[in-house]
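These notes are about the structure you will find just below.
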2 protein chains.
Amino acid sequence: MEFSRASANERRFLPPAVAVSSVAFALSPPAEARKDSRELVDTAVTLWIPLVRRTRPPFEGIWALPGGPIPWDEALVDTALRTLHAAVHRAPGYLEQLYSFGSIERSAQAQRLVTIAYWALYGERELAQVPSLPERAAANPGHGSTRRWDDPEPPQPPQTSAERLQQRTTQATLASVDSLDADRNVAWFSADRLPELAFDHADIVATALWRLRSKTEYSAVAHRFLGPTFTLAQLRVVHEAILGEPVDPANFRRQALAQGNLIDTGDTTTGTGHRPARLYRFRSDPEAPEVGAGPLAFTSEQRKSA
Amino acid sequence: MEFSRASANERRFLPPAVAVSSVAFALSPPAEARKDSRELVDTAVTLWIPLVRRTRPPFEGIWALPGGPIPWDEALVDTALRTLHAAVHRAPGYLEQLYSFGSIERSAQAQRLVTIAYWALYGERELAQVPSLPERAAANPGHGSTRRWDDPEPPQPPQTSAERLQQRTTQATLASVDSLDADRNVAWFSADRLPELAFDHADIVATALWRLRSKTEYSAVAHRFLGPTFTLAQLRVVHEAILGEPVDPANFRRQALAQGNLIDTGDTTTGTGHRPARLYRFRSDPEAPEVGAGPLAFTSEQRKSA
DNA sequence: AGAATAGTGTCTTTTAGACAGTATAGG
DNA sequence: CCTATACTGTCTAAAAGACACTATTCT
């Protein structure tokens, strides 16, 4: 009794630590990534999530979501971007805040931990890029990118998140094969077959899946799983992967085109062995991937659908 | 240049403070509350929000959302409940996490501040209750409930949020008229005519209004603005207040009953001067108000509607 | 020609909305 | 009686879903 009270009084003077964790989705892992070795029973398209194996207590050796504490001068969304980049070696095509977790039980005997969760999308466009490392990690090849939990970036002037994303993408240096092989503690798992997760990260994944599967969400972001142009059949496959059930091609076509967000590029597929399909691009999305940044990270499409 | 760098280095060693702020909605302020004295142009039903005037820098004298920092051993939702109770003297009928705000610019020269925003509902059921004060504030009448920002509660054993809510409601002592009159710095404002707000609280209110007005939200919580039983006309008025436009009574009736969440109590209104209306109650909501607590604070209704 | 997928037409069912008309209390 | 609101019926338009049918490319 006296004992626990003393330890409680010590905890009392530790301010809560604030961390960011991210659930990233992709239709398939990047080429160089480690994948869950267990067999997949059905060949249906599933969603993949990158996880990081913890190398220190608590939960040492257990898989966890990419993330880390927020440095004193880094915006929340930038912490999510930086820690995702450390695990995936690429910037995501979409990023949005999900929920904040701060129950006092989640790390009972340690410092109070408040986790702000994000969810992200990696599309074919992003995964096709050559994996890159931030310049600081490249100058410190011994540590690689697995040293995530106590490695704040130097101060930077305020920028818009679009600028930050651009900078991160263009300034990043190429990763050597050695650096990539050092990622023993990063692997991709099927969202349906996740291993045991540290902390309450299983709850976070469940919340992210629920959010992704709400119609107003995925109708606006499904195209981000694909490249800059895509056929309606490809887009339909994404919807089927998210929903987990087949979708009628004819009705899907009408509904997708009725949204007014798809622009016919005039190009078509070739060499498919059958009738070629028209290629579309998403409305007002010519090049730069959009990353939700601030408190009002709702897109105009989402607002309209409410 | 040297100067700002030095102050920046000091900030660097201050961990971010974590605070909670809440946007609470009600169809009308409680009887004893101070109200915005400005005239309301139209007599349409509007939503009301309680605000607290800051008594110290930054933003001294400016209205702000109820809230405060999280004590080391208090769950996020409990901080929201406690600070709401300090301002409104009642527990809300509904409470759900909204969004987390943590941009580094929001309190430029001070300690980094991460704010986790909640939104709440006060229904007729809650507002009809006699206002109460927590026991600690009652023992300290000189400070009243306005001393919110540095006044953590003593440690408590973990409880479910339902238990906590129950305890808070039953243990609270009655507030004297003096204590209530001391609430000079708490007032209710129409959501359409808010004063200038401290920090980025205007963004938080905008986000809360957007969330409340999304159909999947208000269809599940509109009934919480009312008492335990209500007529369809009353429920329709709530929808009209949220939407800001009239709703056809006949079509609203069909849609509301088709949801299957309304149970006919068998009772009817009397003394109305016209045909009496049936009284309904919400499905599986006999007594206890439900307060969203943990990471998965989504109701089953919301999950189904996705 | 045949295979395979792209794309169109059309029918049915469901849902949202407008609005006339009936029912029942109190004055 | 009249008034006011509760409640029902019905028509129309829009949307969602099922599914037959045509179109076009490659082998």
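In the text below, chain A, chain B and the rest are named by the order of the sequence lines, each starting its count at 1.
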Of the listed dT24(D), dA6(C), dA25(C), the closest approach to the P276(A) side chain comes from dT24(D)
Rounded to whole Å, CD of Q234(A) lies from C1' of dA6(C) at a distance of 13 Å
query = Between the base of dA16(C) and the side chain of D248(B), is there a donor-acceptor distance below 3.5 Å?
reply = no
Result for side chain to side chain contact (heavy atoms under 4.5 Å, CB included) between Y280(B) and one of T265(B), L232(B), D267(B) points to L232(B)
Nearest-nucleotide check on DNA chain D, Y280(B) vs T272(A); residue mapping nearer the 5' end is Y280(B)
Which of dT5(C), dA4(D), dT8(D) is nearest the side chain of R253(B)? It is dT8(D)
Q255(A) CD to dG7(C) C1', in whole Å, measures 17 Å
Rounded to whole Å, CG of N251(B) lies from P of dA6(D) at a distance of 15 Å
In whole angstroms, the gap separating P of dT5(C) from CG of L232(A) amounts to 16 Å
Find out whether L84(A) and L95(A) are in side-chain contact, i.e. whether some heavy atom of one side chain is under 4.5 Å from a heavy atom of the other.
yes
Using a 4.0 Å heavy-atom cut-off, does A258(B) contact any base of the nucleic acid, only the sugar-phosphate backbone, or nothing at all?
nothing
Rounded to whole Å, the NE2-C1' distance (H274(A) to dA1(C)) equals 18 Å
In whole angstroms, the gap separating P of dA6(C) from CG of D264(A) amounts to 15 Å
5'-most contact on DNA chain D (nearest-nucleotide basis), G273(A) vs A250(A), goes to A250(A)
F230(A) CZ to dA6(C) P, in whole Å, measures 14 Å
Thinking salt bridges, do R224(B) and E126(B) make one under a 4.0 Å N-O criterion? no
Between CZ of R254(A) and P of dC19(D) the distance, given in whole Å, is 14 Å
Among the nucleotides dT8(D), dG17(C), dA4(C), whichever has the atom closest to the side chain of R278(B) is dT8(D)
- Item | E32(B) and R90(B) ion-paired at < 4.0 Å | yes
Within-4.5 Å side-chain heavy-atom neighbours: L262(B) and F230(B): yes
Practice item. Determine whether any donor atom in the side chain of R275(B) lies under 3.5 Å from an acceptor atom in the base of dA25(C), or the reverse, and answer yes or no. Key: no
